[in-house]
Amino acid sequence: MGHFPSDQSWDPLSMMEQMLERTRKLYEQEPDERKKWYTTDTSKRVVYNSNFDLYHAPSANWRDTLYCQIAPDLPKPEELPEICSDIMIEYTEHVLQPGRTLFLLICESLGLKFNHLEEMNCAEGLAMLCHYYPECPQSELTLGKSPHTDRVSLLCFSTTTFLAYKFFTKNQWVDIPPLPGALVINIGDLLQLVSNDRFLSASHRVLVNSVKPRVSVACFFNGDPRIFTTVACGLIPELLSEDNPPKYRSTTIGEYVNVYNAKGLDGTSALAHFRL
């Protein structure tokens with residue numbers, strides 16, 4: 001199971017409504033204002049573009065995205081678009097704690113020491129992606145996001161404004177209805193890798209419509225970017241046995257990102273590149 005809703009003790013409805021509303025306002029600014037943040041250099045901390053894989057994927061998607069590596073070191077407000085800088089920082093602080101709690105629960109379910117995944121730096125880094133899917137005059141001919149699994153994220157939190165999000169299970173696409181005040185939690189590729197397939201990353205896609213735009217905000221626990229290229233990310237030894245031999249080779253988050261970006265959202269999993 002790759003997706004499940006999670007209600008929170010903090011005031012999630014108000015916080016999510018604010019985050020989604022500011023995201024909508026961000027994209028409804030004048031083009032010259034948005035253009036200040038546009039770049040194809042994905043190494044920058046804040047990136048605004050349409051399709052990160054425009055020259056690699058078999059087709060383009062109907063979507064704009066503002067990406068920010070927002071933790072472990074919170075950016076200064078002036079490093080973010082003014083219209084949403086304060087809510088982005090506040091929202092991050094509220095997402096980090098339930099995320100860390102979920103890592104503890106995952107450790108318990110795997111029979112590991114409660115902070116094993118935290119010691120692997122899984123809960124250190126957080127990337128925020130603010131998506132905007134404009135209304136599309138021929139929505140049946142395109143997608144907001146092609147079928148894919150999440151690349152380096154171990155967990156992803158996503159909020160959506162209306163039904164458009166689907167994940168693939170048992171050979172069919174299943175709707176994920178938006179629930180007020182709830183987060184959708186998605187297992188990512190690297191959790192599948194380090195758990196040796198005990199947890200599976202779910203393939204999902206996003207539809208567009210011809211009536212009104214859709215807004216969503218996703219937060220990816222993607223590890224500490226300061227060690228992306230230096231610290232190995234491999235199988236957890238305690239989960240291996242004669243009956244459950246290694247299925248993947250070790251990698252780094254940096255290598256995984258490069259493989260994922262090079263193939264683009266083509267409907268296949270980058271995990272195949274690392275499978276033994």
Side-chain angles (χ1 to χ4, degrees), residues 1-23 65-75 80 84-131 149-162 165 167 176-195 198-202 204 206 215-225 233 236 253:
M1 182 76 175
H3 296 261
F4 51 99
S6 173
D7 292 309
Q8 306 300 328
S9 57
W10 45 277
D11 185 2
L13 186 57
S14 174
M15 181 65 64
M16 290 179 190
E17 286 178 344
Q18 292 181 59
M19 187 68 235
L20 290 169
E21 178 63 14
R22 295 287 194 89
T23 298
T65 299
L66 180 80
Y67 167 93
C68 177
Q69 182 65 44
I70 205 159
D73 300 317
L74 288 173
L80 301 169
C84 56
S85 60
D86 57 341
I87 191 64
M88 287 177 70
I89 292 172
E90 186 177 0
Y91 189 71
T92 298
E93 294 170 344
H94 284 289
V95 167
L96 284 170
Q97 185 52 52
R100 290 172 178 141
T101 300
L102 281 165
F103 278 116
L104 301 181
L105 294 173
I106 289 171
C107 286
E108 182 179 358
S109 72
L110 292 172
L112 300 171
K113 185 173 61 174
F114 76 97
N115 62 343
H116 192 109
L117 290 172
E118 284 201 47
E119 290 182 346
M120 292 176 65
N121 294 303
C122 294
E124 288 300 312
L126 191 76
M128 181 180 293
L129 286 81
C130 301
H131 296 304
T149 56
D150 291 319
R151 56 180 193 185
V152 304
S153 59
L154 293 178
L155 288 171
C156 165
F157 295 82
S158 176
T159 62
T160 59
T161 49
F162 57 88
Y165 194 66
F167 83 100
I176 303 295
L179 300 175
L183 296 165
V184 174
I185 300 167
N186 178 32
I187 300 300
D189 288 349
L190 285 189
L191 185 53
Q192 178 169 340
L193 189 151
V194 301
S195 71
R198 290 280 295 274
F199 279 88
L200 300 180
S201 181
H204 50 286
V206 179
V215 176
S216 71
V217 178
C219 294
F220 294 82
F221 284 85
N222 61 347
D224 189 339
C233 179
I236 298 172
I253 293 177

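Not measured: the values here are computed from a predicted model. When a residue number appears, it is its place in the shown sequence, counting from 1.
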Could you list the donor-acceptor pairs under 3.5 angstrom formed by side chains in residues 116-127, with sequence neighbours left out?
{"from": "Glu119", "atom 1": "OE1", "to": "Lys113", "atom 2": "NZ", "distance (Å)": "3.1"}
{"from": "Glu119", "atom 1": "OE2", "to": "Lys113", "atom 2": "NZ", "distance (Å)": "3.2"}
{"from": "Glu119", "atom 1": "OE2", "to": "Asn115", "atom 2": "ND2", "distance (Å)": "3.3"}

(message) Checking side chain to side chain contact (heavy atoms under 4.5 Å, CB included) between Cys84 and each of Leu80, Ile87, Asp86, which is the one that passes?
(response)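 Only one of Leu80, Ile87, Asp86 forms a side chain to side chain contact (heavy atoms under 4.5 Å, CB included) with Cys84, namely Ile87.
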Heavy-atom side-chain contact between [X] and [Y] under 4.5 Å:
X	Y	result
Phe199	Leu110	yes
Leu191	Ile106	yes
Met128	Met19	yes
Val217	Leu129	no

(message) Could you go through Ile187 and Leu200, starting from their C-alpha distance and side-chain angles, then the distance that decides it, and tell me whether this counts as side-chain contact (heavy atoms from CB on, under 4.5 Å)?
(response) CA-CA 7 Å; Ile187 300 300; Leu200 300 180; over 6 Å; no
(request) Describe, in one word, how the ring planes of Phe103 and Phe221 are oriented to each other, choosing from parallel (under 30°), tilted (30 to 60°) and perpendicular (over 60°). (result)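 Judged by the thresholds at 30° and 60°, the geometry between Phe103 and Phe221 is perpendicular.
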(message) Could you walk me through whether Tyr165 and Ser216 satisfy the side-chain contact (heavy atoms from CB on, under 4.5 Å) test, starting with their C-alpha distance in whole Å, then the side-chain angles of each, then the deciding distance to 0.1 Å, before giving a yes or no?
(response) CA-CA 10 Å; Tyr165 194 66; Ser216 71; over 6 Å; no
(request) Please check if any side-chain donor atom of His131 sits under 3.5 Å from a side-chain acceptor atom of Thr65, or the reverse. (result)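 Yes - a donor-acceptor pair under 3.5 Å links their side chains.
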(request) Give a yes or no on whether the backbone of Leu20 and the side-chain of Gln18 come within a donor-acceptor separation of less than 3.5 Å. (result)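 No; judged by distance alone, with no hydrogens or angles, the pair does not exist.
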Identify the heavy atoms of [X] and [Y] that sit nearest to each other, and give their distance.
X	Y	result
Met88	Ile70	O-CD1, 3.8 Å
Arg151	Asp189	O-CB, 3.1 Å
Cys68	Pro75	SG-CG, 4.4 Å
Cys233	Leu193	O-CD2, 4.0 Å
Ser201	Thr149	OG-CB, 3.3 Å

What's the separation between atom [atom1] in [X] and atom [atom2] in [Y], rounded to the nearest 0.5 Å?
X	Y	atom1	atom2	answer
His204	Ile176	NE2	CD1	10.0 Å
Asp150	Asn186	CG	CG	4.5 Å
Leu105	Arg100	CG	CZ	14.5 Å

(request) Inspect the surroundings of CD in Glu108 and state if more than 12 heavy atoms from other residues, nucleotides or ligands are less than 6.0 Å away. (result)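 Incorrect, the count does not exceed 12.
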(message) I'd like to know whether Tyr91 forms a side-chain contact (heavy atoms from CB on, under 4.5 Å) with Cys219, so could you lay out the CA-CA distance, the side-chain angles of the two residues, the decisive distance to 0.1 Å, and finally the verdict.
(response) CA-CA 10 Å; Tyr91 189 71; Cys219 294; 3.9 Å; yes
